[in-house]
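As structure tokens, the structure follows; a few thoughts come after it.
We use all heavy atoms of the structure for the numbers below, so side chains are in, but hydrogens, waters and symmetry mates are not.
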Amino acid sequence: RSLGFRAHAVLATLVLGPDLPPNHGTTVVEFDDEKVLVDTSLLHGSPLPLHEDRPTAIDHAAWALPARFEGGHFWFYARPFTRPSGIDCRLDVVGATREQVRERHDATRAWGPFNYELSVRTNRGDRVIGTAWGKRMENDADGTLHERPFRKDERAAWLVEEIGLSEEIVSRLPADVPTPPPPGARTKTRSGSGADPA
């Protein structure tokens with residue numbers, strides 16, 4: 001907005017289970033009569049056009065992001081390292097107020113999927129590298145996922161040398177703690193991913 005763009009905060013839901021409240025924040029920007037998604041955590045390479053009358057997509061295999069309009073909402077399908085098999089995300093409130101964003105953010109203080117285990121994602125050329133659930137992850141340019149647990153004492157050097165974090169920040173990172181189920185969940189399931197709501 002400070003640069004003159006018509007940007008809107010969005011409350012969205014990564015659909016990990018039924019009846020979840022919004023659990024993802026993103027941004028939609030308007031250009032003339034077109035809306036585009038610019039998600040700074042999914043890092044999809046270029047703005048994703050959103051059209052009610054037809055599906056759209058970012059076609060790059062390493063960070064593919066198809067979108068559709070269905071049931072009165074825009075949806076996109078992402079492959080974050082926390083859910084490499086893919087997950088639907090629904091845009092619930094386009095034009096959320098500062099108070100709505102703060103309320104949803106504050107709700108993640110007690111439990112959130114990134115509160116216990118380090119999650120990093122960055123694009124490098126035509127591939128994506130990062131970490132989730134204690135694993136070193138990479139999506140090749142053709143979309144092939146490679147993952148393996150970090151070897152002993154490897155994580156800190158990798159975060160500095162490959163990701164570019166400072167040694168000071170890396171030295172302050174706590175060890176991963178297994179993610180507990182969210183409040184109210186009856187079971188805990190992990191499929192290379194964090195705890196899902198029951």
Return the minimal non-hydrogen interatomic distance between [X] and [Y], and the atom names on each side.
| X | Y | answer |
| --- | --- | --- |
| Leu50 | Val28 | CD1-CG2, 4.0 Å |
| Asn115 | Ala110 | ND2-C, 4.3 Å |
| Ala12 | Asp92 | C-OD2, 3.6 Å |
| His8 | Val94 | CB-CG1, 4.1 Å |
| Ile87 | Pro80 | CG2-CD, 3.9 Å |
| Ala67 | Leu48 | CB-CD2, 3.7 Å |

Report task. Apply the test side chain to side chain donor-acceptor pair (under 3.5 Å) to residues Ser41 and Asp39: give CA-CA distance (whole Å), side-chain angles for both, the deciding distance (0.1 Å), then the verdict. Result -> CA-CA 6 Å; Ser41 61; Asp39 193 299; 2.9 Å; yes
Can you get from [X] to [Y] by hopping between Ile, Leu, Val, Met, Phe, Trp and Tyr side chains that sit under 4.5 Å apart?
| X | Y | answer |
| --- | --- | --- |
| Ile58 | Trp75 | no |
| Leu165 | Ile129 | yes |
| Leu65 | Leu145 | yes |

Within the 4.5 Å heavy-atom criterion, are [X] and [Y] side-chain neighbours or not?
| X | Y | value |
| --- | --- | --- |
| Asn139 | Thr144 | no |
| Leu14 | His24 | yes |
| Trp133 | Leu118 | no |
| Val101 | Leu11 | yes |
| Arg121 | Val128 | yes |
| Thr122 | Glu162 | no |
| Val160 | Ile169 | no |
| Val93 | Pro22 | no |

Requested in this report: Run the numbers on Leu16 and Asn23 for side-chain contact (heavy atoms from CB on, under 4.5 Å), then give the verdict.
Outcome: CA-CA 10 Å; Leu16 295 162; Asn23 56 16; 4.2 Å; yes
Please list all pairs passing the salt bridge (Lys or Arg N to Asp or Glu O under 4.0 Å) test where one or both residues lie in [range], with sequence neighbours left out.
| range | answer |
| --- | --- |
| residues 149-158 | Arg136-Glu154, Arg148-Glu154, Arg151-Glu154, Arg155-Asp176 |
| residues 10-38 | Arg6-Glu30 |
| residues 59-70 | Arg68-Glu70, Arg68-Asp88 |

About how many Å separate [atom2] of [Y] and [atom1] of [X], when rounded to the nearest 0.5 Å?
| X | Y | atom1 | atom2 | value |
| --- | --- | --- | --- | --- |
| Arg90 | His73 | CZ | NE2 | 6.0 Å |
| Arg104 | Thr13 | CZ | OG1 | 8.0 Å |
| Ser119 | Phe81 | OG | CZ | 9.0 Å |
| Asn123 | Trp63 | CG | CH2 | 4.5 Å |
| His44 | Leu42 | NE2 | CG | 6.5 Å |
| Leu173 | Leu159 | CG | CG | 6.5 Å |

Requested in this report: Mind running side chain to side chain donor-acceptor pair (under 3.5 Å) on Ser85 and Arg83 for me, showing each step along the way?
Outcome: CA-CA 6 Å; Ser85 61; Arg83 182 59 68 99; 4.8 Å; no
Is a side-chain N or O of [X] found less than 3.5 angstrom from the main chain of [Y], in a donor-acceptor match?
| X | Y | value |
| --- | --- | --- |
| His51 | Asp53 | no |
| Thr108 | Gly112 | no |
| Glu117 | Gly134 | no |

Sequence-distant partners of [X], ring-ring contact (aromatic ring centres under 6.0 Å, His included), two or more places apart:
| X | value |
| --- | --- |
| Trp158 | Phe150 |
| Phe31 | Phe5 |
| Phe74 | Phe69 |

Query raised in the report: Would you say His105 has more than 12 foreign heavy atoms packed within less than 6.0 Å of its NE2?
Result: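 No, the 6.0 Å shell around NE2 holds no more than 12 heavy atoms from other groups.
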